[in-house]
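Take a look at the structure below.
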Amino acid sequence: MRTRTLPVLFAAAAILLTACGGDGEDGNEGGGAAESETTVSTFGQFADRAELPTVVYDGQTCTYIGPETVDPGPVRMTLDNRSGIRARIDILRFPEGKTFEDLAAYVESGEAATNQDSPDWVDQTRKIRAPANQLMGANRTLFDNTYGILCYIGETEPFEIQAVATFEVLEG
């Protein structure tokens with residue numbers, strides 16, 4: 001009996017999701033706002049949970065919402081892109097002696113814009129990409145260390161690059 005219940009539930013969910021979609025008359029699937037407007041991503045309401053490390057791009061600024069300290073291991077990171085263009089975040093593990101100030105200086109010097117990449121002095125980079133008006137999340141295994149976040153905005157290079165925030169991964 002149990003195996004027959006799941007397909008029925010999935011079919012019902014598919015019908016419900018189809019019925020809830022917009023008709024797309026305004027040129028957008030799902031009946032969303034016009035492309036020139038800033039919209040909130042489909043799952044934006046979940047981005048305000050403090051225990052979920054999230055970067056929100058609102059069309060102007062990338063903002064970190066989340067704890068200053070995270071337990072090591074698999075960490076669910078999200079990028080909530082509330083704009084009409086693509087965004088990406090790089091989660092960077094700093095080597096000993098490097099700080100968020102070094103990351104901000106890298107961006108402010110123009111070196112980030114020239115390289116279109118993370119600084120070569122970071123130990124590790126984890127990326128999350130989000131198309132326009134999408135929330136994307138990924139589990140990233142993070143170990144004890146200091147991490148910084150860079151945000152890349154645009155459809156193609158050269159991307160606009162912003163230094164966003166820093167957080168610690170420490171055994172709680």
List the atom pairs, donor and acceptor, that lie under 3.5 Å between side-chain atoms in residues 61-70 and the rest of the protein, sequence neighbours left out.
unit_1: Tyr64; atom_1: OH; unit_2: Pro67; atom_2: O; d: 2.7

State plainly whether one hydrophobic cluster holds both Leu103 and Ile161, where clusters connect Ile, Leu, Val, Met, Phe, Trp and Tyr through side-chain heavy atoms under 4.5 angstrom apart. yes
Tell me, please, which residues at least two apart from [X] pass side chain to side chain donor-acceptor pair (under 3.5 Å).
X	value
Asp123	none
Asn145	none
Glu160	Gln162
Glu101	Thr99

Between Asp80 and Thr54, do the side chains contain a donor N or O and an acceptor N or O under 3.5 Å apart? no
Are more than 12 heavy atoms from other residues, nucleotides or ligands located less than 6.0 Å from atom CD of Glu96? no
Which atom of [X] lies closest to which atom of [Y], heavy atoms considered:
X	Y	answer
Leu170	Pro72	O-CD, 3.4 Å
Ala87	Leu79	O-CD2, 3.5 Å
Glu171	Asp144	N-OD1, 3.6 Å
Met136	Pro131	CG-CD, 4.0 Å
Ser118	Leu150	CA-CD1, 4.1 Å

Does [X] reach the main-chain N or O of [Y] with its side chain, forming a donor-acceptor pair under 3.5 Å?
X	Y	answer
Asn139	Pro74	no
Asn115	Asp117	no
Asn81	Ala130	yes

Pairs satisfying ring-ring contact (aromatic ring centres under 6.0 Å, His included), at least one member in residues 90-116, at least two apart: Phe94-Trp121
ILVMFWY cluster membership beyond Ile85 - transitive side-chain contacts under 4.5 angstrom: Tyr57, Ile153
Those residues that, when tested against [X], pass side-chain contact (heavy atoms from CB on, under 4.5 Å) (two or more places apart):
X	answer
Ala138	Ile128, Arg140
Asp71	none
Gln60	Asp58
Gln124	Arg93, Arg126, Tyr147

Calculate, to the nearest 0.5 Å, the distance between atoms CD1 and CG belonging to Ile149 and Asp90 respectively. 10.0 Å
Tell me which pairs pass disulfide (SG to SG under 2.5 Å) where either residue lies in residues 96-125, with sequence neighbours left out. none
